[in-house]
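This is a predicted model, so every value here is computed, not measured. Labels below follow one simple rule: chain letters A, B, ... track the order of the sequence lines, proteins then strands, and each chain is numbered from 1.
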Protein chains: 2
Amino acid sequence: MRKDSRLSRMLHVLVHLHQLQQAVTSDQLALMLHTNPVVVRRTMSLLREQGYVSAVKGHGGGWTLAKPLHEITLLDIHRSLSESSLFTIGLTDEHNNCPIEKAVNLAIDDVLQEAETLVLQRFGEVTLDKLAAGYIPR
Amino acid sequence: MRKDSRLSRMLHVLVHLHQLQQAVTSDQLALMLHTNPVVVRRTMSLLREQGYVSAVKGHGGGWTLAKPLHEITLLDIHRSLSESSLFTIGLTDEHNNCPIEKAVNLAIDDVLQEAETLVLQRFGEVTLDKLAAGYIPR
DNA sequence: CCTTAAGAAACATCATAAGTTACATAAAAA
DNA sequence: TTTTTATGTAACTTATGATGTTTCTTAAGG
């Protein structure tokens with residue numbers, strides 16, 4: 001299944017922005033991420049809309065952090081990037097009146113909800129300054 | 001992100017197989033799932049390889065349960081269907097010597113591992129006879 | 001031998017993150 | 001003012017893997 005690596009990429013970018021302490025262009029970030037500047041703008045613009053970075057056009061322009069790392073969590077970035085489900089598992093909804101399908105979906109969804117809650121909570125506990133310092137696993 | 005609905009579909013099929021108590025053809029299952037008999041064979045054959053169902057060719061043939069529902073868990077079926085990750089989030093591995101990328105991946109993976117462990121454990125606790133009886137959420 | 005069914009190979013479809021092209025817009029420098 | 005540098009954005013292409021389809025083979029009962 002295709003993976004969404006935007007969270008990983010953007011976290012990487014944000015910590016680098018913090019360390020460089022100056023505006024970095026989309027072209028520079030694209031080189032860093034082995035990708036395209038338009039992909040960088042597209043993804044970074046989601047973070048700009050939520051106030052985590054700002055962009056300046058023209059000479060000397062580029063991207064800078066709009067908040068200190070310790071005020072940004074993994075959850076903040078995750079939420080900025082995606083409204084879609086965390087899981088590759090999907091439910092079917094083709095038999096509105098079938099009690100078996102209902103029970104199956106309930107059982108799967110029950111577990112996935114619990115796991116999603118856990119992931120979001122953990123993501124909310126990790127601020128980006130912890131990544132800059134070299135993350136220590138639990 | 002495209003979802004994998006095979007788990008949901010196969011659980012649905014297995015509980016129906018139990019209730020019908022007779023061989024059901026791929027064509028019948030395809031009608032039930034609003035899909036194609038070849039898709040049914042392809043997916044069911046993964047369960048056959050693990051000994052959860054058996055298939056008989058020819059007249060009166062079709063698919064039957066090879067184990068009682070109470071001896072099959074959601075985890076069994078999930079494992080039979082997929083070796084790939086549960087999550088739509090992927091990590092990047094483009095900068096072998098970048099400590100920031102390492103820290104980012106470690107932080108994300110740490111959380112996802114914990115969540116995956118939880119999901120697999122919960123899936124292992126749910127036997128299919130509970131679905132047949134009408135699943136009651138935790 | 002005919003019919004019914006699974007097994008299997010080869011190919012098409014679909015959705016979406018990622019990648020690309022092209023052009024508009026804004027700001028600083030020449 | 002003109003040029004250069006940068007983001008903003010629309011439109012399109014590509015890659016990937018579950019899903020869907022076609023076609024043929026194999027096996028079993030009648």
* Nucleotide nearest Ser26(B) when distance is taken to its side chain, options dA6(C), dA18(D), dA18(C) -> dA6(C)

* Is there a side-chain polar atom (N or O) of Arg42(A) under 4.0 Å from OP1 or OP2 of dT9(D)? -> no

* Asked: Rounding to a whole Å, what distance do you find between Leu7(B):CG and dG17(D):P?
  -> 20 Å

* To do: Ignoring backbone atoms, test whether Thr35(B) places a side-chain nitrogen or oxygen under 4.0 Å from the OP1 or OP2 oxygen of dG20(D).
  => yes

* Asked: Expressed in angstrom and rounded to an integer, what is the separation of Leu46(A) atom CG from dT16(C) atom P?
  -> 16 Å

* d(CZ, Phe87(A); C1', dT16(C)) in whole Å -> 19 Å

* Given dT19(D), is OP1 or OP2 found less than 4.0 Å from the side-chain N or O atoms of Ser5(B)? -> yes

* Check the pair Ser8(A) / Thr92(B) against side chain to side chain donor-acceptor pair (under 3.5 Å), numbers first and verdict last. => CA-CA 6 Å; Ser8(A) 177; Thr92(B) 57; 3.2 Å; yes

* To do: Sugar-phosphate atoms are those with a prime plus P, OP1 and OP2; base atoms are the rest. Using that split, label each nucleotide of nucleotides 22-30 of chain D B, S or - for protein heavy atoms under 4.0 Å, 5' to 3'.
  => B---BSBB-

* Structure fact -> One should read off an interatomic distance between Phe87(B) CZ and Leu112(B) CG, to the nearest 0.5 angstrom, of 5.0 Å

* To do: Supply the atom-to-atom distance Leu74(A) CG to Phe123(A) CZ, rounded to the nearest 0.5 angstrom.
  => 6.0 Å

* At what distance, to the nearest 0.5 angstrom, does CG of Leu81(B) lie from CE of Met44(B)? -> 10.5 Å

* What integer distance in Å separates Arg9(A):CZ from dA17(C):P? -> 13 Å

* Asked: Of the nucleotides dA6(C), dA18(D), dT7(D), which one has an atom closest to the side chain of Asp27(B)?
  -> dA6(C)

* Asked: Between Leu33(A) and Trp63(B), who's closer to the 5' end of DNA chain C by nearest nucleotide?
  -> Trp63(B)

* **Spacing of Gln22(B) atom CD relative to dA5(C) atom P, expressed in whole Å** => 12 Å

* To do: Check whether any side-chain nitrogen or oxygen of Thr25(A) sits under 4.0 Å from OP1 or OP2 of dA6(D), and answer yes or no.
  => no

* To do: Enumerate the residue pairs fulfilling salt bridge (charged side-chain N to carboxylate O under 4.0 Å, His left out) with a member in residues 72-82 of chain A, sequence neighbours excluded, ordered by first and then second residue.
  => none

* Taking all non-hydrogen atoms of both residues into account, name the closest pair between Thr127(A) and Leu69(A) and its distance. => CB-O, 4.1 Å

* To the nearest Å, how far apart are Asp4(B) CG and dG17(D) P? -> 12 Å

* **Residue pairs, two or more places apart or on separate chains, that pass ring pair (Phe, Tyr, Trp, His ring centres under 6.0 Å) and touch residues 4-47 of chain A** => His12(A)-His16(A), His12(A)-His95(B), His34(A)-His95(B)

* **Euclidean distance, atom CD of residue Gln28(A) to atom C1' of dT5(D) [Å, nearest integer]** => 12 Å

* Asked: Glu49(A) has an atom CD; how far is it from atom C1' of dT7(D), in whole Å?
  -> 14 Å

